[in-house]
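These notes are about the structure you will find just below.
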Amino acid sequence: MQTINSYKDLRVWQVAIDLAVECYQLTQRFPKEEVYGLTAQIRRAATSIAANIAEGHGREVTGSFIQFLRISQGSLKELETHMLISHRIGLIDEGEFRQMTGRCDEIGRMIRALIRSLQEK
């Protein structure tokens with residue numbers, strides 16, 4: 001088992017960073033009129049996932065860490081909702097939608113597993 005010295009060592013944080021980067025790349029081609037709409041909302045939600053994992057880990061208190069992981073889960077659900085809306089209005093295609101929601105599902109499972117493991121300690 002790997003020692004966790006920093007939030008950067010957490011696989012869930014690493015994958016959440018990758019997701020945020022993918023969201024920035026995906027939204028670069030959204031129409032300019034969405035810059036303050038879905039583009040900003042998607043980017044904000046995506047970056048919030050990794051940021052809350054990092055902030056919670058930095059609190060160095062298990063209860064606080066779990067709370068911030070739950071906030072990350074909320075941001076993840078917010079991102080999934082923005083992806084669904086983007087798909088329904090034609091900003092992303094079916095393949096992109098499935099890929100992004102699949103990544104969200106993966107991260108959601110990782111966050112839930114981390115919460116469970118912290119609660120068992």
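These values consider heavy atoms only, across backbone and side chains, with no hydrogens, waters or symmetry-generated copies. What you see is a predicted model, and the numbers here were worked out from it, not measured in a lab.
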Q. How far does NZ of Lys77 sit from OG of Ser72, to the nearest 0.5 angstrom?
A. 12.5 Å

Q) Does any non-hydrogen side-chain atom of Gln14 lie less than 4.5 Å from one of Lys8? A) no

Q) Any donor-acceptor pair under 3.5 Å linking the side chain of Asn52 with the backbone of Ile49? A) no

Q: Measure across Leu38 and Phe30 and return the closest heavy-atom pair with its distance rounded to 0.1 Å.
A: CB-CE2, 4.4 Å

(Q) If I compare all heavy atoms of Ala54 with all of Tyr7, which pair ends up nearest, and what's the gap? (A) CB-CD1, 3.5 Å

Q: Please examine the side chains of Ser86 and Phe97, heavy atoms only from C-beta on, and report whether any two atoms are closer than 4.5 Å.
A: no

Q. Would you say Ser48's side chain and Arg44's backbone share a donor-acceptor pair under 3.5 angstrom?
A. no

Q: Look up atom CE in Met100 and atom CG in Asp105, then write down how far apart they are to the nearest 0.5 Å.
A: 12.0 Å

Q) Would you call Glu94-Arg98 a salt bridge at under 4.0 Å N-O? A) yes

Q) Can you tell me how far the CG atom of Leu79 sits from the SG atom of Cys104, to the nearest 0.5 Å? A) 4.0 Å

Q) If every non-hydrogen atom of Asn5 is compared with every non-hydrogen atom of Asp9, which pair is closest and at what distance? A) N-OD2, 2.8 Å

Q: Answer whether the closest heavy-atom distance between the side chains of Thr81 and Ile85 falls below 4.5 Å.
A: yes

Q) Which side-chain hydrogen bond (donor to acceptor under 3.5 Å, both in side chains) pairs, counting each pair once, include a residue from residues 54-63, with sequence neighbours left out? A) Glu55-Arg59

Q) Sub-3.5 Å donor-acceptor pair from the side chain of His87 to the main-chain atoms of Ile92, do we have one? A) yes

Q: To the nearest 0.5 Å, tell me how far Thr27 OG1 sits from Glu34 CD.
A: 10.5 Å

Q: Apply side-chain contact (heavy atoms from CB on, under 4.5 Å) to Gln73 and list each qualifying residue two or more places apart in sequence or on a separate chain.
A: Arg70, Ile111, Arg112, Ile115

Q. Under the side-chain contact (heavy atoms from CB on, under 4.5 Å) test, which residues partner Leu114, sequence neighbours left out?
A. Val12, Phe65, Leu69, Ser117, Leu118

**Q.** Rounded distance [0.5 Å steps], CD1 in Ile107 versus CH2 in Trp13
**A.** 12.5 Å

Q) Can you check whether Glu80 reaches Leu84 side chain to side chain, under 4.5 Å on heavy atoms? A) no

Q.
Are Ile66 and Leu76 connected into the same hydrophobic cluster when the rule is that any two of I, L, V, M, F, W, Y join if their side-chain heavy atoms are below 4.5 Å apart?
A. yes

Q) With the 4.5 Å side-chain cut-off for hydrophobic clustering, are Ile89 and Met83 part of the same group? A) yes

**Q.** Reported NE2-to-OG distance for the pair His82 and Ser75, which is rounded to 0.5 angstrom
**A.** 9.0 Å

Q: Salt-bridge test for Glu106 and Arg103: reply yes if a basic N is under 4.0 Å from a carboxylate O, no otherwise.
A: yes

Q.
In the structure I gave you, are the side-chain heavy atoms of Tyr24 and Ile42 within less than 4.5 Å of one another anywhere?
A. no

